[in-house]
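In listed order, ligands and their atoms are each counted from 1. For the numbers below, each heavy atom of this structure counts, side chains included, while hydrogens, waters and symmetry mates do not. Counting begins at 1 with the first residue of the sequence.
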Amino acid sequence: MQIGRRVFSLSVGALALSACMPGGPGQPQVARPDPALEPGLRPQPNAAYDAWVAAFRDRAASRGISQATLDSAFRGQGFLPGVIERDRNQTEFRRSLEDYLAIVAPDDKIVFGRRAYASQRSALNAVEARYGVPADILASIWGLESYFGTKKGKIPVISATSTLAWEGRRGRFFESNLMDALRILQTGDAVPSQLVGSWAGAMGHTQLIPNAYQQHAVDFDGDGKRDIWSANPIDAFATTARFLTNAGWRKGLNWGQEVILPQGFSPSLLGRRSKRAVSAWRDMGVRGARGAALAGSSAGIIAPMGVGRPAFLVTHNFDMILRYNPSENYGLGVGYMAGRLAGAGPLVGQFGRDATGLTLEDRKALQRGLSRAGFDAGTPDGVIGKKTIAAIEAYQRAQGLGVTGQPSRALLDRLG
Ligand code: CA
């Protein structure tokens with residue numbers, strides 16, 4: 001954990017959590033499990049976990065957490081097997097850049113996001129003026145982390161972090177976050193019902209884990225609370241901007257841009273750490289997509305799906321976005337969405353055909369064909385996930401075909 005902050009935006013999205021605005025006046029002051037959550041995300045009996053919590057409470061008390069805080073924090077909390085499952089299956093959420101962008105930045109989300117960006121423009125501009133992090137980058141992070149404040153996660157943070165601390169794979173990390181979550185309650189920054197978020201304890205508009213909150217949270221609007229949870233996202237914007245500034249964000253430097261590589265560009269030159277003078281890239285024939293000038297003084301070039309697919313010049317500030325989440329796809333998602341929010345069009349580079357010979361449009365057509373045939377393939381987004389695979393398998397079974405669950409041209413033609 002480089003800086004004590006990991007983002008699990010895909011996990012939040014994959015749970016299809018709906019909007020949640022906890023903590024308003026008159027709401028219960030206990031973080032109750034939402035009845036809409038799957039059973040594994042509601043507390044289950046576990047004596048070993050309970051014993052761990054009892055010992056942890058002693059450790060927390062010895063570090064200054066009051067009994068009153070502990071009692072209110074742990075009321076209604078418990079062991080959540082579902083968060084362990086998610087922690088172990090993170091690799092399943094690893095996606096190609098093409099799939100990732102289709103998931104986190106589809107066209108309807110960009111339309112929604114442009115309205116959300118406009119509605120928060122003055123707040124974002126004020127935060128940019130203070131910290132030097134561009135408004136569109138902050139709005140983009142907001143979009144990737146919580147779908148512009150509408151999907152902040154509903155899993156109780158005390159239950160999630162205590163379950164993962166007990167389970168132990170990253171026990172120390174999650175115990176530290178559990179302790180910081182208790183400090184958030186003890187100082188009155190939040191009430192227990194507000195402490196809900198992702199399976200890993202990331203909370204609020206920009207999905208900060210308790211460690212990151214304690215290191216960087218800002219009361220930007222001066223109301224006396226560092227509030228990343230309620231309807232007004234301005235403190236969350238400022239906290240994220242401060243996080244990036246503390247990490248080393250350079251004011252006035254763009255994250256990067258899409259580029260067109262010259263014929264014969266060697267893949268050995270790729271890598272965000274293989275930085276060169278931008279003038280050297282220009283001399284090699286690297287051009288900005290849509291004729292844009294190459295910006296910055298020093299940058300690397302990345303092409304996550306290989307030379308011939310979309311490629312990007314990335315600067316020091318791209319590395320700073322990766323301090324928020326270490327995935328290059330995440331960093332590119334933030335940069336891409338920021339551009340789209342600011343009015344730019346889609347990528348110029350083409351992803352082309354996947355390993356099964358299908359393009360994104362082919363895969364969408366396959367999903368629509370399956371659903372038309374009565375096998376629900378989910379949203380026709382071109383991403384072959386569990387639901388699409390299950391639909392293919394069910395279709396193959398029903399048709400007496402070999403059951404592979406694999407998309408293919410033959411299958412697409414058959415569904416035609
Ligand atoms: Ca505030």
* Asked: For Asn325 and Ser327, does a side-chain donor sit closer than 3.5 Å to a side-chain acceptor?
  -> no
* To do: Just the protein N/O/S atoms under 3.0 Å from the Ca ion (ligand 1), please, no waters.
  => Asp219 OD1, Asp221 OD1, Asp223 OD1, Lys225 O, Asp235 OD2
* Is Arg57 paired with Asp71 through a side-chain N to carboxylate O contact shorter than 4.0 Å? -> yes
* Report yes or no: do Ser122 and Asn125 form a side-chain donor-acceptor pair below 3.5 Å? => no
* Look at Arg276 together with Asp283 and state whether they make a salt bridge at an N to O cut-off of under 4.0 Å. => no
* Check: Tyr213/Thr239 side-chain N/O donor and acceptor closer than 3.5 Å -> no
* **Pair listing, salt bridge (Lys or Arg N to Asp or Glu O under 4.0 Å) test, anchored in residues 111-134, at least two apart** => none
